[in-house]
Amino acid sequence: MSEMPTPVLEPTLFQQRLLAWYDRAGRHDLPWQCQRTPYRVWVSEIMLQQTQVTTVIPYFERFMARFPTLGALAEATQDEVLHLWTGLGYYARGRNLHKAARQVVAEHGGELPVASLEAMAELPGIGRSTAGAIIAQSTGQRAVILDGNVKRSLARLHAVEGWPGRPVVERQLWALAEHYTPEQRVADYTQAVMDLGATLCRRGTPECSRCPFADVCVAHFRGEERRFPESKPKKALPTRTTLMLVLRDAEGRVLLEQRPPSGLWGGLWGLPQFDDLAALRGWLDVHAPGAAIDPAWPAFSHTFSHFRLDITPQPARIGRLDAVGEARCWYDPGNPERIGLAAPVKALLASLAPFALAAPAGP
DNA sequence: AAGGCGGGGCT
DNA sequence: AGCCCAGCCTT
């Protein structure tokens, strides 16, 4: 428990405040809140994964009308189940629900094993949080939940740093959720803690003025509600490498090529690009025989939305070269033409003194 | 147009 | 263990 952040309130105080708010302002008439059977709560919890309450309600009603009991669901075909799922998305949820219903009939006598968190979490589509939610809401046994709403509220309340997808962060949040969960009124508590995140402690625009925890919330105290929970780190962009040939003639002009009309830098002018030095040499042998290759300049990188390009400028010299062929031109860095240049090429060319043959400072 | 979301499957 | 995915919705 040493990995738990310092709680902002004693559990009993936390529960009192939350339940008082819930009694006053929470949601009490959701379809799965009447006849809170394990089956109905289960179906609602699966539908509520990744999906908001207002979207779920009509699907839940139709589903219950067609499959009023777990047995009815188990006897249905997968096609019937998926038909009722159409439009809800994440269809694996529907397939797992159906599979789990048959598993419950086969292995648990047709009753959800709500006495055991572990047995519940072994059913397909039910993980730790969903198992806790079903147990707490349908039996009133103490069980802990940690869905996205609860994660957000707890992360703000305690200013928990780090993306909740990281195991260390998730462990802290589970420890807090565990700490605050009561023994009494567990079903209401569970609904309340989810309602708080869904209706008040929203992702974009939290309504702190109505929050029963505004006076103890660390993120609110710092004015940093929006910073918590931290978002998933952007994955490192894949890196590609390329050689760019900086072929200069005796007057210091640089050979450019026009790129294909579509794709990256489509239609722009750029330096001839090669995957490796051998390819560059082969190209010079054909198009600029007699060119002298100089030591490469320091690489620099250019970042696109979807990858990073490491560019190594490869200088070379040739005395004179008249016929450069189609879609090529000699470009005078000291007297630039008005043509479209890819950004890193433009920077590279701008760094070239008209007759400098040594490495430039770089773009 | 981008990012969030709970669990499962794959590496 | 960590990464990636699913599909719709909100921002």
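As the structure is a computational prediction, the values presented were derived from the model and not from experiment.
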Rounding to a whole Å, what distance do you find between [X]:[atom1] and [N]:[atom2]?
X: A:Arg203; N: B:dG3; atom1: CZ; atom2: P; value: 10 Å
X: A:Lys232; N: B:dC5; atom1: NZ; atom2: P; value: 11 Å
X: A:Glu45; N: B:dG6; atom1: CD; atom2: P; value: 10 Å
X: A:Ile134; N: B:dG6; atom1: CD1; atom2: C1'; value: 12 Å
X: A:Leu173; N: B:dG6; atom1: CG; atom2: P; value: 12 Å
X: A:Asn149; N: B:dG6; atom1: CG; atom2: P; value: 7 Å
X: A:Arg93; N: C:dC5; atom1: CZ; atom2: P; value: 19 Å
X: A:Ile145; N: B:dC5; atom1: CD1; atom2: P; value: 14 Å

Suppose the criterion is ring pair (Phe, Tyr, Trp, His ring centres under 6.0 Å): which pairs have a residue in [range], not counting sequence neighbours?
range: residues 109-136 of chain A; answer: none
range: residues 39-60 of chain A; answer: A:Trp32-A:Phe60
range: residues 125-164 of chain A; answer: A:His158-A:Tyr180

Base, sugar-phosphate, or nothing for [X], non-hydrogen atoms under 4.0 angstrom?
X: A:Gly165; value: nothing
X: A:Arg152; value: sugar-phosphate
X: A:Ile46; value: nothing
X: A:Gly204; value: nothing

Can you tell me if the side-chain N/O atoms of A:Ser231 get under 4.0 Å from OP1 or OP2 in B:dG4?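 Result: yes.
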Residue met sooner reading DNA chain C from 5', once A:Leu88 and A:Arg226 are mapped to nucleotides: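 Here A:Leu88 is the residue nearer the 5' end.
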Hey, which sits more toward the 5' end of DNA chain C by its nearest nucleotide, A:Pro167 or A:Arg95?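 Of the two residues, A:Pro167 wins.
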To check you understand the geometry: which heavy-atom pair defines the closest contact between A:Ile145 and A:Met194, and what is its length?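 Closest approach of A:Ile145 to A:Met194, heavy atoms only: CD1-CG, 3.4 Å.
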Let me check something: any side-chain donor-acceptor pairs from residues 199-215 of chain A under 3.5 Å, sequence neighbours excluded? List them with distances.
from     : atom 1 : to       : atom 2 : distance (Å)
A:Thr199 : OG1    : A:Asp195 : O      : 2.8
A:Arg202 : NE     : A:Thr205 : O      : 3.2
A:Arg202 : NE     : A:Thr205 : OG1    : 3.4
A:Arg202 : NH1    : A:Thr199 : O      : 2.9
A:Arg202 : NH1    : A:Glu207 : OE2    : 3.3
A:Arg202 : NH2    : A:Thr205 : O      : 2.8
A:Arg202 : NH2    : A:Thr205 : OG1    : 3.3
A:Glu207 : OE1    : A:Arg210 : NE     : 3.3
A:Asp215 : OD1    : A:Arg17  : NH1    : 2.7
A:Asp215 : OD2    : A:Arg17  : NH1    : 3.4
A:Asp215 : OD2    : A:Arg17  : NH2    : 3.2

Please list every stem that involves DNA chain C, where a stem is a run of 3 or more consecutive Watson-Crick or G-U wobble pairs with both pairing distances under 3.5 Å.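 When the pairs of DNA chain C are grouped into runs of at least three, the stems are B:1-5 with C:7-11, B:7-11 with C:1-5.
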If I pick the P atom on C:dA6 and the same atom on B:dT11, what distance separates them, to the nearest angstrom?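 Roughly 15 Å separates the two P atoms.
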Nucleotides 7-10 of chain B: which of its N/O atoms have a protein N/O under 3.5 Å away?
from  : atom 1 : to       : atom 2 : distance (Å)
B:dG7 : OP1    : A:Gly127 : N      : 3.2
B:dG7 : OP1    : A:Thr130 : N      : 2.9
B:dG7 : OP1    : A:Thr130 : OG1    : 2.4
B:dG8 : OP1    : A:Gly125 : N      : 2.5
B:dG8 : OP1    : A:Ile126 : N      : 3.4

Taking atom types as modelled, find out whether A:Arg259 and A:Gln273 have a side-chain donor-acceptor pair closer than 3.5 angstrom.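 Result is yes, a qualifying pair exists.
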How about A:Tyr91: does its OH atom have over 12 heavy atoms from other parts shown lying under 6.0 Å from it?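 Counting other residues, nucleotides and ligands, OH of A:Tyr91 exceeds 12 neighbours.
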Check whether more than 12 heavy atoms from other residues, nucleotides or ligands sit under 6.0 Å from atom NE2 of A:His28, and answer yes or no.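 Result for NE2/A:His28: enclosed.
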A:Tyr91 side-chain proximity, nearest of C:dT11, C:dC8, C:dG2: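 Among C:dT11, C:dC8, C:dG2, the one nearest the side chain of A:Tyr91 is C:dC8.
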Lys/Arg-Asp/Glu bridge criterion (N-O < 4.0 Å) met for A:Arg328, A:Glu257: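 So A:Arg328 pairs with A:Glu257 through a salt bridge.
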Can you confirm whether A:Pro164 sits close enough to A:Leu173 that some side-chain heavy atom of one is under 4.5 Å from a side-chain heavy atom of the other?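 With C-beta onward as the side chain, the pair touches.
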